[in-house]
Amino acid sequence: MTHRSTHQQPAVSPVTDVPSALPPVDAQVLAETQRAVVGWYRAHARDLPWRESAATAWSILVCEVMSQQTPVVRVLPRWEAWMARWPRPSDLAAAPASEVLLAWDSLGYPRRALRLQETARAIAELHGDSVPDSEAALRALPGVGDYTAAAVTSFAHGQRTAVLDVNVRRVLARSLAGLEHRPSSVSRRERAWAEALVPAEDHVEWNAGLMELGALVCTSRSPSCEQCPLAQHCVWLAAGRPAHPTAARRTQAWAGTDRQLRGAIMRCLREASAAEQEGVPVRLLTAPLTELTDDEAEALAALPAPVHSAVMAVRNLDAGGERTARLVADLLSDGLAQRTDAALHLPH
DNA sequence: AAGTCGGGGGA
DNA sequence: TCCCCAGACTT
């Protein structure tokens, strides 16, 4: 059952060891690159709702947090519902945490939802319900790191700053440094290098354009260089798209881990709450799944299909219920399970 | 610098 | 299957 996959790629020198990484960029090349990115963005960017003029700084901050490690297409519907429900920071601040977690749905990393609510409270109480515009103040908010602070500074407040997400870093690494992959982490040096590349005007189109290019054209796996506006200047393409050795990176284990079970528990809680909101009475079972009475087993079988399957998923992962009990206690103490523990099967 | 934190879709 | 995704935070 447990594949503690510690699969490891051959150990080779990480990208950061390449001596010629992040070279100075010729002014002419930079100017043409900037023009190409901005022009391409204006012509080909997706019309995402948080890019419209009606988007508030708060809605942009929400979208950035939701997009942390989560593809944009998955964020879209949840963001729409979220902003309709809690248009201002103070609205989210006043919401029950259980509702916040339910609205987060299956975006993943649910602690981001709790941190976002903490951030909403901080903005409401400390900043007059409006998103701060200094990167330092933003960076002090829970769940707001270097990327998110820069993104809000650029996209919500129009200030000139380098927004370094995985897309921007990949596009810059390839087109201007000839590297297939970005360095593993953002060094002071890379940040300074990238900041010097931001044009004096059109910062938003530069930052958003690089992100869009990385998401749609200059993708990690199979870039579409034939339709890239930077193809003429791209150092990596000119070199024949050399495969660059990547740093050895072990993939995280999943099957059999607490993390997997925790995810199943959270799904179970979501499904049960959804069923309750639909008016379906979700019966509370207080015995471990292994010790159900006939009546309880019958009640379990009668649960709505999504709830039933969610319960069975938890059961399959932890038939004895001991890990479930421990993890639910952890989730409750972390604020991640709020009120919804009622639908679970806690040994007692 | 390395580990931990979900979840889903594509190659 | 493995990899990747508008990262942040702790150790």
Side-chain angles (χ1 to χ4, degrees), chain A residues 3 5-9 14-17 45-46 48-51 59-79 101 104-116 118-119 138-156 162-171 181-187 204 207-216 218-224 246-255 257-270 310 313 317 327 330-331 334-336:
Chain A
H3 294 289
S5 93
T6 48
H7 163 258
Q8 224 169 335
Q9 299 177 359
V15 173
T16 46
D17 288 350
R46 295 168 290 184
L48 300 172
W50 46 80
R51 287 176 178 160
S59 73
I60 290 172
L61 173 54
V62 170
C63 135
E64 296 302 341
V65 172
M66 285 184 171
S67 300
Q68 291 165 1
Q69 292 293 285
T70 304
V72 165
V73 287
R74 284 180 54 201
V75 167
L76 271 167
R78 280 69 174 240
W79 181 85
L101 288 167
W104 192 258
D105 197 21
S106 61
L107 280 176
Y109 295 132
R111 60 185 57 192
R112 288 184 296 164
L114 299 182
R115 291 195 185 125
L116 185 55
E118 291 175 37
T119 275
L138 285 164
R139 189 66 180 72
L141 299 169
V144 177
D146 288 337
Y147 161 75
T148 303
V152 171
T153 299
S154 175
F155 302 143
V163 179
L164 294 185
D165 80 322
V166 64
N167 292 306
V168 173
R169 298 180 60 218
R170 181 174 55 250
V171 173
H181 302 295
R182 58 179 166 79
S184 52
S185 61
V186 181
S187 62
V204 172
N207 288 322
L210 288 173
M211 291 173 67
E212 196 77 342
L213 261 182
L216 301 181
C218 190
T219 59
S220 180
R221 290 291 194 82
S222 53
S224 307
T246 58
R249 192 164 40 79
R250 85 181 54 225
T251 63
Q252 279 182 309
W254 175 252
T257 60
D258 283 358
R259 187 179 185 180
Q260 180 194 31
L261 178 54
R262 191 163 39 235
I265 292 170
M266 291 300 288
R267 168 176 288 282
C268 187
L269 298 176
R270 283 196 305 271
L317 292 170
L327 290 179
D330 291 345
L331 291 171
D334 290 341
L336 276 165

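What you see is a predicted model, and the numbers here were worked out from it, not measured in a lab. Numbers restart at 1 for each chain; the letters A, B, ... are given by sequence-line order, proteins then strands.
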Euclidean distance for [atom1], [N] against [M] (whole angstrom):
N	M	atom1	answer
B:dG3	C:dA6	C1'	22 Å
C:dA8	B:dG9	C1'	23 Å
B:dC5	C:dT1	C1'	22 Å

Earlier contact from the 5' end, DNA chain C, for A:D165 and A:V144: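 Its nearest nucleotide lies further toward 5', so the answer is A:D165.
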Does any N or O donor sit under 3.5 Å from an N or O acceptor when you compare the side chain of A:T70 with the base of B:dG7?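 Donor-acceptor pair under 3.5 Å: no.
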Do the side chain of A:R74 and the base of B:dG7 come within less than 3.5 angstrom through a donor-acceptor pair of N or O atoms?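 Donor-acceptor pair under 3.5 Å: yes.
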Between A:S154 (side chain only) and A:A150 (backbone N and O only), is there a donor and an acceptor less than 3.5 Å apart?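 Absent.
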With sequence neighbours excluded, residues passing side-chain contact (heavy atoms from CB on, under 4.5 Å) with A:A45: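 Counting only residues at least two positions away or on another chain, A:A45 forms a side-chain contact (heavy atoms from CB on, under 4.5 Å) with A:Y41, A:R51, A:E212.
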Taking for each residue the nucleotide of DNA chain B bearing the nearest heavy atom, is the 5' side occupied by A:D258 or by A:S222?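 Nearer the 5' end of the strand: A:D258.
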Determine the contact category for [X]: base if any of its heavy atoms lies under 4.0 Å from a base atom, sugar-phosphate if only primed atoms, P, OP1 or OP2 are that close, otherwise nothing.
X	value
A:W104	nothing
A:L48	base
A:G145	sugar-phosphate
A:T148	sugar-phosphate
A:R169	nothing

I want to verify a distance call: between [options], whose nearest atom is closest to the [X] side chain?
X	options	value
A:Y147	C:dC4, C:dG7, B:dG7	C:dG7
A:Q68	C:dA8, B:dA1, B:dC5	C:dA8
A:Q69	B:dC5, C:dA6, B:dG6	B:dG6
A:R270	B:dG7, B:dC5, B:dG8	B:dG7

Filter on salt bridge (Lys or Arg N to Asp or Glu O under 4.0 Å), then keep only pairs touching residues 106-116 of chain A, sequence neighbours left out; what's left?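 Counting only pairs at least two positions apart or across chains, no salt bridge (Lys or Arg N to Asp or Glu O under 4.0 Å) contact touches residues 106-116 of chain A.
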What is the distance from CE of A:M66 to P of C:dA8, rounded to the nearest Å?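 Rounded to the whole Å, the gap is 16 Å.
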Nucleotide B:dG7, atom P - distance to CZ of A:R111 in whole Å: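 Going from CZ in A:R111 over to P in B:dG7 covers 12 Å.
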Only Watson-Crick and G-U wobble pairs with both distances less than 3.5 Å should count. Give DNA chain B in dot-bracket notation, marking inter-strand partners with |. |||||.|||||
